[in-house]
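One structure is given below, encoded as structure tokens.
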Amino acid sequence: MIDRELVKEFLKEEMEYDEIELPEGISFDELADLFCKYVEDDFYEWLKDNYRSFFRNGWDWIKERLAGKER
């Protein structure tokens with residue numbers, strides 16, 4: 001799970017840098033929660049893709065990596 005407080009700090013700094021202001025009707029906490037969910041969903045998809053790619057390489061590739069050899 002993502003560190004929500006860290007993401008809030010990041011989001012606040014980036015929004016200030018980009019001079020993005022919140023519209024009426026959206027609180028910063030709501031926005032931060034939604035952004036965290038967006039990042040977590042995207043991260044999970046990225047993780048699944050990398051999982052498939054990792055094992056698609058085969059056990060020989062994994063053993064070589066573990067032994068410090070790279071192709």
Discussion item. Show me the pairs that pass salt bridge (charged side-chain N to carboxylate O under 4.0 Å, His left out) and involve residues 39-48, at least two apart or across chains.
Written reply: R4-E40, K37-D41, E45-K48
Fill in: Trace of the side chain to side chain contact (heavy atoms under 4.5 Å, CB included) decision for D29 with K8
CA-CA 8 Å; D29 284 341; K8 283 181 178 180; 3.2 Å; yes
Are [X] and [Y] joined in one hydrophobic group, where the rule is that I, L, V, M, F, W and Y side chains link up if heavy atoms are under 4.5 Å apart?
X	Y	result
Y44	V7	no
L31	V39	yes
F54	L47	no
Y17	I20	no

Practice prompt. Please list, chain by chain and in numerical order, all residues satisfying side chain to side chain contact (heavy atoms under 4.5 Å, CB included) with E30, sequence neighbours excluded.
Written response: I26, S27
Among residues at least two apart in sequence or on other chains, which ones pass side-chain hydrogen bond (donor to acceptor under 3.5 Å, both in side chains) with [X]?
X	answer
R52	D49
D3	none
D18	none

Worksheet item: Which heavy-atom pair separates A32 from L11 by the least distance, and what is that distance?
Response: CA-CD2, 3.7 Å
Practice prompt. Flag yes if more than 12 heavy atoms outside E21 fall under 6.0 Å of its CD atom; otherwise flag no.
Written response: no
Discussion item. Going by ring-ring contact (aromatic ring centres under 6.0 Å, His included), name the pairs with one or both residues in residues 19-43, residues two or more places apart or in two chains.
Written reply: F43-W46
